[in-house]
Amino acid sequence: MSERTCRCCGRKFEHPAPASLSTKRDCHDCAQLPEGVRRVLEGHQGEIVRLRREVDQIRAATGVTMPKPVRRPKADAEGDGPVSTS
Ligand SMILES: [Zn+2]
């Protein structure tokens, strides 16, 4: 029994495991999905892995460890609305 990473969902799973439908590539849950769905998920998962690696490289190169939330400056939040009190 060894630990594997699911090609579809990226989850770690043990294979082979008793009462599990897992394969060398897919975890128990993903192994039950239709072939077409698995292929789409594998594509997404591969892209996620690639992007993670890129983010890690950028972080290592720039020293940025946490993305900062982008705050838009509040424009005309108060004062000049179409308010009429008369
Ligand atoms: Zn899976």
Side-chain angles (χ1 to χ4, degrees):
M1 200 152 90
S2 63
E3 192 181 67
R4 295 178 180 275
T5 303
C6 178
R7 288 279 298 265
C8 289
C9 68
R11 208 165 49 182
K12 298 250 192 279
F13 67 100
E14 300 282 342
H15 178 80
S20 172
L21 296 173
S22 65
T23 68
K24 283 178 188 174
R25 295 157 57 104
D26 305 313
C27 72
H28 174 77
D29 292 330
C30 296
Q32 298 172 72
L33 296 171
E35 167 71 30
V37 175
R38 274 211 309 271
R39 210 159 16 187
V40 171
L41 288 177
E42 282 180 20
H44 287 178
Q45 188 57 31
E47 195 74 350
I48 288 169
V49 169
R50 191 181 65 75
L51 289 170
R52 278 217 183 108
R53 202 162 43 217
E54 252 170 56
V55 169
D56 283 346
Q57 281 168 1
I58 290 167
R59 279 181 182 164
T62 61
V64 177
T65 52
M66 247 198 6
K68 290 194 177 126
V70 178
R71 290 252 170 126
R72 298 224 171 112
K74 264 191 197 167
D76 58 28
E78 52 193 75
D80 51 0
V83 181
S84 167
T85 47
S86 58

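Both ligands and their constituent atoms are indexed starting at 1 by order of listing. We're numbering straight along the sequence, starting at 1.
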Visitor: Flag the pair Arg39 and Glu42 as a salt bridge only when some basic side-chain nitrogen lies within less than 4.0 angstrom of an acidic carboxylate oxygen.
Guide: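 No, Arg39 and Glu42 are not salt-bridged.
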Visitor: Quick one: pull up SG in Cys6 and CZ in Arg25 and give me the separation to the nearest 0.5 Å.
Guide: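 Separation between the atoms: 9.5 Å.
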Visitor: Would you say Glu14 and Glu3 make side-chain contact, with heavy atoms under 4.5 Å?
Guide: yes
Visitor: For Arg53, run the side chain to side chain contact (heavy atoms under 4.5 Å, CB included) check against Asp56, Leu51, Val49 and tell me which one passes.
Guide: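 Among the candidates, only Val49 passes.
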Visitor: When you measure from the Zn ion (ligand 1) to the N, O or S atoms of His28, does any of those distances fall below 2.8 Å?
Guide: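 For His28, the answer is no, given that no N, O or S atom comes within less than 2.8 Å of the Zn ion (ligand 1).
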Visitor: To the nearest 10 degrees, how large is the angle at the Zn ion (ligand 1) between Cys6 SG and Cys9 SG?
Guide: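 Computed angle, vertex at the Zn ion (ligand 1), rounded to 10 degrees: 110°.
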Visitor: Counting backbone and side-chain atoms alike, does Cys8 have an N/O/S atom under 2.8 Å from the Zn ion (ligand 1)?
Guide: no
